[in-house]
Amino acid sequence: WALEIAIVLLVARAFALSLSPTDGVIMMLFSLFSSLIPALPGQFGLYEFAIVMGLDYAGHNGVVTFPYALTLHLVLIAGTTALGLACLLVSGVSLLDAKRADRPNSDS
(Lines give C-alpha, C1' and ligand atoms only; values in the text may rest on other atoms or scores of the structure.)
Protein backbone atom coordinates (compact mmCIF):
# COMPACT_ATOMS: atom_id res chain seq x y z
CA TRP A 1 0.00 0.00 0.00
CA ALA A 2 2.89 2.35 0.66
CA LEU A 3 3.99 2.06 -2.97
CA GLU A 4 0.49 2.82 -4.26
CA ILE A 5 0.18 5.82 -1.93
CA ALA A 6 3.55 7.03 -3.23
CA ILE A 7 2.25 6.68 -6.81
CA VAL A 8 -0.91 8.61 -5.86
CA LEU A 9 1.26 11.42 -4.49
CA LEU A 10 3.67 11.44 -7.45
CA VAL A 11 0.87 11.60 -10.03
CA ALA A 12 -0.74 14.37 -7.95
CA ARG A 13 2.53 16.31 -8.08
CA ALA A 14 2.48 16.04 -11.89
CA PHE A 15 -0.97 17.70 -11.83
CA ALA A 16 0.13 20.36 -9.31
CA LEU A 17 -2.23 18.92 -6.69
CA SER A 18 -0.80 19.35 -3.22
CA LEU A 19 -1.87 16.13 -1.54
CA SER A 20 -0.63 15.15 1.89
CA PRO A 21 0.19 11.55 2.77
CA THR A 22 -3.14 11.48 4.62
CA ASP A 23 -4.88 12.52 1.40
CA GLY A 24 -3.06 9.66 -0.34
CA VAL A 25 -4.46 7.23 2.22
CA ILE A 26 -7.95 8.68 1.69
CA MET A 27 -7.61 8.16 -2.09
CA MET A 28 -6.59 4.54 -1.58
CA LEU A 29 -9.49 3.93 0.83
CA PHE A 30 -11.97 5.37 -1.66
CA SER A 31 -10.53 3.22 -4.45
CA LEU A 32 -10.54 0.15 -2.19
CA PHE A 33 -14.18 0.51 -1.24
CA SER A 34 -15.16 1.27 -4.82
CA SER A 35 -13.77 -2.13 -5.82
CA LEU A 36 -16.52 -3.78 -3.78
CA ILE A 37 -19.10 -2.48 -6.27
CA PRO A 38 -19.53 -4.52 -9.48
CA ALA A 39 -18.13 -2.56 -12.41
CA LEU A 40 -16.81 -2.77 -15.93
CA PRO A 41 -13.58 -4.70 -16.53
CA GLY A 42 -10.70 -2.66 -15.21
CA GLN A 43 -13.19 -0.73 -13.08
CA PHE A 44 -13.15 2.13 -15.60
CA GLY A 45 -15.59 4.85 -14.63
CA LEU A 46 -16.20 3.70 -11.08
CA TYR A 47 -12.54 4.08 -10.09
CA GLU A 48 -12.40 7.60 -11.47
CA PHE A 49 -15.66 8.47 -9.70
CA ALA A 50 -14.27 7.16 -6.40
CA ILE A 51 -11.02 9.11 -6.76
CA VAL A 52 -12.86 12.34 -7.65
CA MET A 53 -15.14 11.83 -4.63
CA GLY A 54 -12.10 11.12 -2.45
CA LEU A 55 -10.44 14.29 -3.65
CA ASP A 56 -13.62 16.23 -2.93
CA TYR A 57 -13.78 14.69 0.55
CA ALA A 58 -10.16 15.73 1.16
CA GLY A 59 -10.99 19.28 0.07
CA HIS A 60 -9.59 19.21 -3.45
CA ASN A 61 -11.94 19.99 -6.30
CA GLY A 62 -11.73 21.60 -9.69
CA VAL A 63 -11.26 20.79 -13.34
CA VAL A 64 -8.05 18.85 -12.75
CA THR A 65 -9.60 16.14 -10.55
CA PHE A 66 -11.03 13.95 -13.33
CA PRO A 67 -7.91 14.05 -15.55
CA TYR A 68 -5.88 13.25 -12.43
CA ALA A 69 -8.13 10.29 -11.59
CA LEU A 70 -7.95 8.95 -15.15
CA THR A 71 -4.17 9.32 -15.34
CA LEU A 72 -3.72 7.69 -11.94
CA HIS A 73 -5.85 4.74 -13.02
CA LEU A 74 -3.88 4.31 -16.25
CA VAL A 75 -0.53 4.55 -14.42
CA LEU A 76 -1.58 1.89 -11.92
CA ILE A 77 -2.90 -0.45 -14.63
CA ALA A 78 0.12 0.06 -16.90
CA GLY A 79 2.52 -0.52 -14.02
CA THR A 80 0.96 -3.77 -12.87
CA THR A 81 0.57 -5.01 -16.44
CA ALA A 82 4.22 -4.27 -17.28
CA LEU A 83 5.40 -5.96 -14.09
CA GLY A 84 3.21 -8.99 -14.78
CA LEU A 85 4.49 -9.31 -18.35
CA ALA A 86 8.10 -8.99 -17.18
CA CYS A 87 7.56 -11.74 -14.58
CA LEU A 88 5.92 -13.94 -17.22
CA LEU A 89 8.84 -13.51 -19.61
CA VAL A 90 11.44 -14.16 -16.91
CA SER A 91 9.60 -17.23 -15.60
CA GLY A 92 9.89 -19.05 -18.93
CA VAL A 93 6.29 -20.22 -18.75
CA SER A 94 4.62 -20.49 -22.13
CA LEU A 95 1.02 -19.35 -22.39
CA LEU A 96 0.40 -22.24 -24.81
CA ASP A 97 1.66 -24.74 -22.23
CA ALA A 98 -0.58 -23.19 -19.59
CA LYS A 99 -3.58 -23.43 -21.91
CA ARG A 100 -2.83 -27.09 -22.67
CA ALA A 101 -2.52 -27.86 -18.94
CA ASP A 102 -6.04 -26.53 -18.38
CA ARG A 103 -7.56 -29.03 -20.83
CA PRO A 104 -8.62 -32.43 -19.47
CA ASN A 105 -6.38 -35.25 -20.63
CA SER A 106 -8.18 -37.35 -23.28
CA ASP A 107 -5.83 -40.32 -22.67
CA SER A 108 -7.39 -41.24 -19.33
Side-chain angles (χ1 to χ4, degrees):
W1 287 98
L3 179 60
E4 289 206 23
I5 291 169
I7 292 170
V8 165
L9 298 176
L10 286 172
V11 174
R13 180 178 284 177
F15 280 84
L17 281 171
S18 57
L19 298 182
S20 69
T22 304
D23 293 338
V25 171
I26 289 171
M27 297 304 102
M28 292 314 303
L29 287 173
F30 270 78
S31 73
L32 170 72
F33 288 118
S34 75
S35 68
L36 299 174
I37 302 168
L40 293 170
Q43 212 182 5
F44 280 100
L46 185 58
Y47 181 88
E48 287 75 16
F49 177 75
I51 294 298
V52 169
M53 291 297 104
L55 286 168
D56 188 51
Y57 179 81
H60 302 278
N61 49 22
V63 298
V64 75
T65 56
F66 180 71
Y68 164 74
L70 187 60
T71 303
L72 177 63
H73 196 185
L74 293 174
V75 165
L76 290 172
I77 287 176
T80 55
T81 301
L83 183 60
L85 288 174
C87 289
L88 180 66
L89 292 173
V90 170
S91 73
V93 173
S94 167
L95 291 179
L96 288 176
D97 292 339
K99 187 175 181 180
R100 288 183 197 130
D102 285 342
R103 293 184 190 156
N105 191 351
S106 60
D107 295 339
S108 37

Exercise. Rounded to the nearest 0.5 Å, how far apart are OG1 of T65 and CG of L70?
Worked result: 11.5 Å
Exercise. Are L46 and V8 in one and the same hydrophobic cluster, where Ile, Leu, Val, Met, Phe, Trp and Tyr link if side-chain heavy atoms are under 4.5 Å apart?
Worked result: no
Problem set entry | side-chain hydrogen bond (donor to acceptor under 3.5 Å, both in side chains): pairs with one or both residues in residues 28-39, sequence neighbours excluded | S34-Q43
Exercise. Who pairs with E4 by side chain to side chain donor-acceptor pair (under 3.5 Å), at least two apart in sequence or on another chain?
Worked result: none
Exercise. Would I37 end up clustered with M53 when hydrophobic side chains under 4.5 Å apart are linked, directly or stepwise?
Worked result: no
Seminar exercise, completed: Connected to L10, directly or through other members, by ILVMFWY side-chain contacts below 4.5 Å are none
Problem set entry | Heavy-atom pair of closest approach, residues L9 and S20 | CD2-O, 3.5 Å
Seminar exercise, completed: Rounded to the nearest 0.5 angstrom, the OH-CD distance for Y68 and E48 is 11.5 Å
For this session: Walk me through it: do N61 and L55 pass the test side-chain contact (heavy atoms from CB on, under 4.5 Å)?
Result: CA-CA 6 Å; N61 49 22; L55 286 168; over 6 Å; no
For this session: Hey, could you give me the CZ/CZ distance between F66 and F49, rounded to the nearest 0.5 Å?
Result: 12.0 Å
Seminar exercise, completed: Heavy-atom closest pair (I51 atom, M27 atom, distance to 0.1 Å) is CD1-O, 3.6 Å
For this session: With the side chain counted from C-beta on, respond yes when L32 and W1 share a heavy-atom pair under 4.5 Å apart, and no when they do not.
Result: yes
Exercise. Which heavy atom of L19 sits nearest a heavy atom of A12, and at what distance?
Worked result: CD1-CB, 3.4 Å
Problem set entry | Which atom of I26 lies closest to which atom of A58, heavy atoms considered | CD1-CB, 4.4 Å
For this session: Answer yes if L36 and V25 sit in the same cluster of Ile, Leu, Val, Met, Phe, Trp and Tyr residues linked by side chain heavy atoms under 4.5 Å apart, and no otherwise.
Result: yes
Exercise. If you group Ile, Leu, Val, Met, Phe, Trp and Tyr by side-chain heavy-atom gaps below 4.5 Å, do I5 and L3 land in one group?
Worked result: yes
For this session: Quick one: closest heavy-atom pair of I77 and T80, and the distance?
Result: O-OG1, 3.1 Å
Exercise. Would one find more than 12 heavy atoms of other residues, nucleotides or ligands at under 6.0 Å from atom CZ of F15?
Worked result: yes
Exercise. Does the pair L76 and L72 meet the rule for a side-chain contact (heavy atoms from CB on, under 4.5 Å), with working shown?
Worked result: CA-CA 6 Å; L76 290 172; L72 177 63; 4.1 Å; yes
